[in-house]
Amino acid sequence: MAPAGKLTKTRNIGIIAHIDAGKTTVTERVLFYSGRVHKMGEVHDGEATMDWMLEEKERGITITSAVTACEWRGHAINIIDTPGHVDFTIEVERALRVLDGAIGVFCAVGGVEPQSETVWHQADRYKVPKIAFINKLDRVGADFFRAAQMIRDRLGSIPLILQLPMGLEDRFKGIIDLVKMKAILWEEETLGIEYNEGPIPPEFMEDASRYRDLLLETLADKNDLIMDKYLSEEDIEVQEIKQAIRETTINLELVPVFCGMALRNRGIQPLLDGIVDYLPSPVDIPPVVGNIPSTGEETTRAAEAKGPFSALAFKVMMDQGRKMTYVRVYSGSIKTGGLVYNPGKGINEKLARLLKMHSNKRERIDQASAGDIVAAMGLKLTTTGDTVCTKDQPILLEPIEINEPVISVAVEPKKVQDQEKLMDSLNKLSDEDPTFKFRIDEETGQTIISGMGELHLEIIVGRLKREFLVDTNQGKPQVVYRETVTQSVEHEEVFQRELAGQQHFAGVRIQVSPMPRGKANRFVDQCEDPNLKEEFLDAIKQGISEAETSGVLMGYPVIDVQTAILNVQIKETSDEMAFKIAAAMAFKNACDKAAPLLLEPIMKAEVLVPEEYMGEVISDLNTRQGKIEQITNKGQVQVLTASVPLSKMFGYSTSLRSVSQGRGTFSMQFSHYDKA
């Protein structure tokens, strides 16, 4: 059993940020200085420990969140390095769901970029305490204070500056620690392993005193002990300041801000100290909340190794054809070979092996207990978001929110004999990634794969070829449309037929009406006929929900429609099958009369571009039917926010490069469905 001491000395953290802010480089340095690896891997050389997939090495980006562990000052730190690209948002979502704390990495030039906002708000939704690390202070145009101000303005968090840079750009030589009031300088020759703390140089003293006062004032607002000592001008101990910072961070009141430049090996050891000093252990966060499956009653599980076992499966990976499931253990402990219960699916599964992961390398362990993040082999039917627990004390934890795919491509194997292999491979890939879906189009017989963006599908096709040895041809990307109705219509349908010598009869009168955008579908029972049995009502519901999967215009799913059951006709020959068929037919015919409408996905695009190219970028977006919503100034660049139909955004990156001479960048994410 894990002693309580072990739990207080555990940190489960994630590294989150916009693409290219330096997350993977920060993780590499953390592993190097904590002695976990003996050579620093660089992203630009394709050598980073955490970017182990071939696609990651080639592109220099993170695609899959990798789990690793290291030690610092006697504390065990489990780290998940997440992708920054919006196409892989599920990787961030599932990492944040199981973490206790996060480090937001920001580029000192770009500050808070669009994807940083998205991941930060994802972390807010799961109430994850955060610290910020402002990276790349050596780059031309670096502005530490602007980046810190953007944390306040764009993210709505209160930054608590704990460090100041000594110089910027090529004059950046070290940092000032405002808690200890010391200057820290790193030794170039030792790759930053050795560093010295000393007195603050006179030229930085005025700034340091001003920001130290600001630090204490901000803390005094939140902490009575600091307030009393600050007002009576008593000396405040370093330990008291640290304790106050820790409390306000865990209570999500403040965000401690650190700085450095990971690529030049400066600022990482104080960041590690910050993880240990200010981010929560599993004991510091509220117990995880779930429901008792049989009653639906809410219950909690405290982080302790002696309690009943509960864990959440947050990621599935295929490993040499075998399924590996990453789990976060919230309470209790489990041994290799033990049985676990999956309450969502009502099945028992056996843990064949437990592994401690370091990126894609592993180490076998005999048991895992509260606070651990491990990989398990043998959970054949458990998928992302499933709870595993003990059968005698079951709990169903809140699942992981999963976005629906917005873009589709038709694929076919180059060799006909590979069709079965293709299906098998797509099954495995969709097990791994819940935002990736595939289906066979009934009308054309084509295999359609759907994902979160062009890059997402490109990576999938690359993996099919590399890992599964299936070479494919792809069609042009297709947008996943939806259908809805614009009028309220009543329709009655009677189903009467003899099947296999038996009569079947059912009559259904329904009303379909439009709902506001984004409100999903709703079923309402307004039938007052006392003969309408529960099983007939269920059959009607089922018939309508199946009919909603393909609309009358082009066969796309129907959304934002309310269906009300008004009346039924029942005879002795009525049965569930007849009601199901009648309801489905009634829904289709009612939609046909209710002025159906095609909806297309509208994306929120954010374009960063130097001012001189604004005109060309705006006119290009206008030709794509984009609506410009906001233009904000961010130093040297302008930020354009627009909503644009996804169908008009294919190939936009090439077009943006050409109108901005390669200086514009953009990111987009799904916003809503609207009239096509």
Notebook entry, point to check: Listed by chain and number, what are the ring pair (Phe, Tyr, Trp, His ring centres under 6.0 Å) partners of Y341, not counting sequence neighbours?
Noted result: none
Check: Can you pull the ring pair (Phe, Tyr, Trp, His ring centres under 6.0 Å) pairs that have at least one residue in residues 578-602, sequence neighbours excluded?
Finding: F536-F579
Next item on the list: Could you name each residue pair satisfying salt bridge (Lys or Arg N to Asp or Glu O under 4.0 Å) that touches residues 544-557, not counting sequence neighbours?
Entry: E546-K580
Item checked: K648, NZ: over 12 other non-hydrogen atoms inside 6.0 angstrom -> no
Note to self: Taking ring pair (Phe, Tyr, Trp, His ring centres under 6.0 Å) as the definition, give me every residue that meets it alongside F495, ordered by chain and number, with sequence neighbours left out.
What the structure shows: none
Check: Going by an N to O cut-off under 4.0 Å, is there a salt bridge joining R517 and D560?
Finding: yes
Notebook entry, point to check: Should the heavy atoms of other residues, nucleotides or ligands under 6.0 Å from NZ of K627 be counted, would the total exceed 12?
Noted result: no
Margin query: Tell me whether the count of non-hydrogen atoms from other residues, nucleotides or ligands lying under 6.0 Å of CZ in R497 goes above 12.
Written below: no
Next item on the list: Kindly state each residue pair satisfying salt bridge (Lys or Arg N to Asp or Glu O under 4.0 Å) with at least one member in residues 421-430, sequence neighbours excluded.
Entry: D424-K428
Next item on the list: Ignoring hydrogens and angles, tell me if any N or O in the side chain of N521 forms a donor-acceptor pair with the backbone of V558 under 3.5 Å.
Entry: yes
Next item on the list: Mind telling me whether F436 and H456 have parallel, tilted or perpendicular rings, with 30° and 60° as the class edges?
Entry: perpendicular
Margin query: Would E432 and S430 count as a side chain to side chain donor-acceptor pair (under 3.5 Å) here? Give the steps.
Written below: CA-CA 5 Å; E432 268 187 32; S430 68; over 6 Å; no
Item checked: K588 atom NZ, neighbour heavy-atom count above 12 within 6.0 Å -> yes
Next item on the list: Consider only side-chain N and O atoms of T484 and K675, and report whether a donor and an acceptor are under 3.5 Å apart.
Entry: no
Next item on the list: For R624, enumerate each residue passing the salt bridge (Lys or Arg N to Asp or Glu O under 4.0 Å) test, keeping only those at least two apart in sequence or located in another chain.
Entry: D620
Check: Taking NZ, NE, NH1 and NH2 as the nitrogens, is one of them in D366 or K335 under 4.0 Å from a carboxylate oxygen of the other?
Finding: no
